[in-house]
Participant: 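One structure follows; several queries about it will come next.
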Amino acid sequence: MRIAVVEGADGSGLLQAIAEDGTPAGPVERAADLAAAVGRREAAGRPRWVWAATGELYPRLLAAGVRVDRCHDLALTEGILLAADGRWGEPRSFPAAWARLEGRPVPDGTAPAPRPGQPALFDHDLPGLPDGPELLAATVAVHAGQQRRLAAGAGGVRGTAGVVPRGAGPGGLGLLVAAESAGALAAAEMAAAGLPWRPEVHDAVLTELLGPRPRPGAAPGRLRDLTERIGAAFGQPLNPDSPAQVLRAFAAAGTPLPSTRSQVLRGVDHPAVPLLLAYKELSRLHAAYGWSWLDTWVAGGRFRPEYVPGGVVSGRWATRGGGALQIPHALRRAVVADPGWTLVVADASQLEPRVLAALSGDVGLARAAAGGDLYAALAADAFGGDRARAKTALLAAMYGGDVGQLMTVLRRRFPAAVDYVEAAARTGEDGGLVRSILGRTSPPPSQGWLTAVDRAGGPDPDAAEGARARRAARDRGRFTRNFVVQASAADWALVLLAAVRRHLTGPNGPHLVFFQHDEVVVHCPREEADRVVAALSDAAEESRRLVFGDTAVRFPLAVAVVDCYADAK
DNA sequence: AAACGAGGCGCC
DNA sequence: AAAGGGCGCCTCGTTT
């Protein structure tokens, strides 16, 4: 059973039961207290809730103490379906989907960014969005349209992947839509729960590395000290944050440099280099995750980032503010379980090469991926035991890049795997679309890309135009080469997240507090850790089966039960 | 004063 | 020894 729901003013709302295919299956129900009504129906039958955008409605349900098991997020689904049809740039919001369905002008998709805590559906600056029953009818209609497109196989996405990456494997778009929606539920729940964060530990780490907290706007002592010593090393004061000034100083010292990247500096013999390297590391920590970050993002012992499910073209999540997906290792000291609780940290080992093995069906690579250390097995199999060379070769296959002889070895021993990524790269170079295993589809080439390629193919292209077109094609080839692997890994991780979530019990028991590409963190009462570890393993196996079906490849999770996040691996 | 691109670096 | 995809966010320095 599914129930469509729209939110009204003052916590009210409308609900209507609908069938799987979207046809209404009951009367419209008015609820003065929408959260209470949702809670009742959830307890009665765990329906799949159909609504415009999880991120707008669900936080208010959670605040009222209502959790739901399943949903169908119309905006996220619209994005997946449009992309599958190669219609990447079109607005995917619910109002846009509705307008398209009715053949009306589609509201501009660049706005409106979701505003947390605001019921955007009742913002009357959005054109064509009435209150009440008509909105509910639109919700029902948009959902029905999406179910039709899914059943018909949007973008021709059905069947299994062949050598050419074209999706959609085992669970297909239906699974992807369900997992994307479940991910949105998880994102809202994690934002509500927050990641346990000890401000006093964070402060101690900063103080140890940077010196005592400076007054606002001032640089910490350690940075001031380094700035002064860097100036002394060059014989003139300079701002280490200014690449231009640093380049000029090196040039004046007789060492012209192409850039001030750490990588470049490391190869330079000059007394300022170690100081600059230390400065870069510490100033970044201070600027991005220093005391003002702490003041802004941590409250009541919790870090509450705003996750953006599906925020990356590959299906990875993004975040809005707080940089939750780039927390420096040094600060993971501050992530500490509550008293009597513990953290269960699980990350997928060597996820992307395993995904390539499963995607391509390469027998040799699948054998290497059947056990623990994939790179070691690969090395033993084809690289004379040299693990580093095996890893370099495989990374180059997945990301592009020129590693000469190594690729020859890889191609000879693992032809299906190399064919798979090279086919994806060729498709990208030709301007085509590629898809993840479940059918998440890459964006088409940009207008600029098409123009560059057209020019070079037109009448007497000059050398610069030709070079530009070749570069554009190569760049896009690297992108699509990586897309098939990264997006399929994101498929697996999303289905894992959804499966983990289903095994957990909510804020008073074990619950998810963090998700980062290929890693999940569960906060749980100490005595339940064993059960959570088992649930995580089950979830990984379930995801393998749903996403990749019958494959010899294993997706082992490295699981650690720790009080402090920094102690996991 | 605000907006923007570039350079740079953190995470996966 | 070897090489690179995706992000967010900082500062600088220029443009608007």
Side-chain angles (χ1 to χ4, degrees), chain A residues 219 223 238-248 257-267 276-277 279-290 292-293 296-297 305-308 310-332 347-353 355-356 383 386-410 421 424-425 428 434 436 440 442-443 474-490 493 514-520 565 569:
Chain A
L223 291 181
L238 60 74
N239 177 2
D241 282 324
S242 167
Q245 288 186 35
V246 174
L247 287 181
R248 275 200 296 276
L257 298 178
S259 84
T260 64
R261 286 184 199 165
S262 302
Q263 219 38 39
V264 171
L265 293 182
R266 267 184 255 281
L276 276 167
L277 292 175
Y279 180 91
K280 278 171 182 287
E281 192 182 331
L282 294 175
S283 76
R284 199 193 128 70
L285 183 68
H286 176 243
Y289 295 94
S292 62
W293 182 94
T296 307
W297 292 103
E306 189 183 347
Y307 296 99
V308 185
V312 179
V313 294
S314 63
R316 282 182 172 186
W317 289 11
T319 56
R320 232 185 321 263
L325 302 184
Q326 293 101 236
I327 299 169
H329 287 112
L331 290 182
R332 296 182 183 189
D347 78 280
S349 315
Q350 304 166 329
L351 178 59
E352 295 198 346
V355 164
L356 174 57
F383 291 91
D386 188 336
R387 187 179 181 282
R389 291 205 322 155
K391 183 174 178 179
T392 297
L394 202 47
L395 289 181
M398 292 187 297
Y399 296 145
D402 181 15
V403 287
Q405 277 306 101
L406 290 185
M407 197 54 73
T408 312
V409 176
L410 206 62
V421 287
V434 295
S436 75
R440 194 181 306 263
S442 72
R474 242 191 350 264
D475 287 351
R476 188 154 192 281
R478 271 201 304 279
F479 168 65
T480 51
R481 171 195 293 270
N482 181 250
F483 183 95
V484 293
V485 178
Q486 187 185 116
S488 299
F514 196 52
F515 172 58
Q516 178 178 236
H517 309 314
D518 63 355
E519 178 180 2
V520 297
Y565 189 21
K569 90 177 173 185

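Chain A is the first sequence line, chain B the second, and so forth, proteins listed ahead of strands; every chain is numbered from 1.
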Participant: Side-chain N or O of A:Ser262 less than 4.0 angstrom from OP1 or OP2 on B:dC9?
Facilitator: yes

Participant: For C:dC9, take OP1 and OP2 only and decide whether either is under 4.0 Å from a side-chain N or O of A:His286.
Facilitator: no

Participant: Whole Å only: how far is the CG atom of A:Leu276 from the P atom of B:dG7?
Facilitator: 18 Å

Participant: Are the side chains of A:Val421 and A:Asn482 in contact, using a 4.5 Å heavy-atom criterion?
Facilitator: no

Participant: For A:Ser314 and C:dG5, is the shortest distance between a side-chain N/O and OP1 or OP2 below 4.0 Å?
Facilitator: no

Participant: To the nearest Å, give me how far apart CZ (A:Arg387) and P (C:dA1) are.
Facilitator: 15 Å

Participant: Could you check how far CZ of A:Phe483 sits from P of C:dC7, rounded to whole Å?
Facilitator: 10 Å

Participant: Less than 4.0 angstrom between a side-chain N/O of A:His517 and OP1 or OP2 of C:dG6, yes or no?
Facilitator: no

Participant: Could you tell me whether the side chain of A:Gln486 reaches within less than 4.5 Å of the side chain of A:Arg316, counting heavy atoms only?
Facilitator: yes

Participant: Could you give the CG-to-C1' distance, from A:Leu395 to C:dG4, as a whole number of Å?
Facilitator: 8 Å

Participant: Quick check for you: among B:dC9, C:dG6, B:dG10, whose closest atom lies nearest to any side-chain atom of A:Gln326?
Facilitator: B:dG10

Participant: Expressed in angstrom and rounded to an integer, what is the separation of A:Tyr289 atom OH from B:dC11 atom C1'?
Facilitator: 7 Å

Participant: Indicate, with a heavy-atom threshold strictly under 4.0 Å, whether A:Gln516 touches base, sugar-phosphate, or nothing.
Facilitator: sugar-phosphate

Participant: Can you find a pair of side-chain heavy atoms, one from A:Ser436 and one from A:Val484, that are under 4.5 Å apart?
Facilitator: no

Participant: At 4.0 Å (heavy atoms only), tell me whether A:Ala287 reaches a base, stays on the sugar-phosphate, or touches nothing.
Facilitator: sugar-phosphate

Participant: With nearest nucleotide decided by heavy atoms, which residue, A:Lys391 or A:Arg284, maps closer to the 5′ end of DNA chain C?
Facilitator: A:Lys391

Participant: Heavy atoms only, 4.0 Å cut-off, all strands: where does A:Arg316 land among base, sugar-phosphate and nothing?
Facilitator: base

Participant: A:Val313 versus A:Ser442: any side-chain heavy-atom pair under 4.5 Å?
Facilitator: no

Participant: Remember a base hit wins even if backbone is also touched, and classify A:Ser242 as base, sugar-phosphate or nothing at under 4.0 Å, heavy atoms.
Facilitator: sugar-phosphate

Participant: Just how far, in rounded Å, is C1' of C:dC7 from OH of A:Tyr307?
Facilitator: 15 Å

Participant: If you only use heavy atoms from C-beta on, which nucleotide in C:dG13, B:dG10, C:dC7 is closest to the side chain of A:Val313?
Facilitator: C:dC7

Participant: Look at all strands and tell whether A:Arg332 reaches a base, only sugar-phosphate, or nothing, counting heavy atoms closer than 4.0 Å.
Facilitator: sugar-phosphate

Participant: Between C:dG5, B:dG10, B:dC11, which nucleotide has the shortest distance from any of its atoms to the side chain of A:Glu281?
Facilitator: B:dG10

Participant: To the nearest angstrom, how far is A:Leu265 atom CG from B:dG8 atom P?
Facilitator: 9 Å

Participant: What is the distance, to the nearest angstrom, from the CG atom on A:Asp241 to the C1' atom on C:dC9?
Facilitator: 14 Å

Participant: Could you give the distance from CZ (A:Arg248) to CG (A:Leu257), rounded to the nearest 0.5 Å?
Facilitator: 13.5 Å

Participant: Hey, does the side chain of A:Asn239 come within less than 4.0 Å of C:dC12's phosphate (OP1/OP2), counting only N and O?
Facilitator: yes

Participant: Establish, with yes or no, whether the OP1 or OP2 oxygen of B:dG8 is under 4.0 angstrom from a side-chain nitrogen or oxygen of A:Thr260.
Facilitator: yes

Participant: State which of B:dC12, C:dG8, C:dC12 makes the closest approach to the side chain of A:Asp518.
Facilitator: B:dC12

Participant: For A:Ser283, which contact category applies under a 4.0 Å heavy-atom criterion: base, sugar-phosphate, or nothing?
Facilitator: nothing

Participant: Would you classify A:Gly322 as touching base, sugar-phosphate or nothing, given that sugar-phosphate means primed atoms plus P, OP1 and OP2, and contacts are heavy atoms under 4.0 Å?
Facilitator: sugar-phosphate

Participant: If you assign each of A:Leu406 and A:Val312 to its closest nucleotide in DNA chain C, which residue comes earlier from the 5' end?
Facilitator: A:Leu406

Participant: Could you tell me whether the side chain of A:Glu306 reaches within less than 4.5 Å of the side chain of A:Thr319, counting heavy atoms only?
Facilitator: no

Participant: If you check the A:Tyr399 side chain, which of B:dC9, B:dC12, C:dG5 turns out closest?
Facilitator: C:dG5

Participant: Would you check if there is a donor-acceptor pair between the side chains of A:Glu352 and A:Tyr399 at a distance under 3.5 Å?
Facilitator: yes

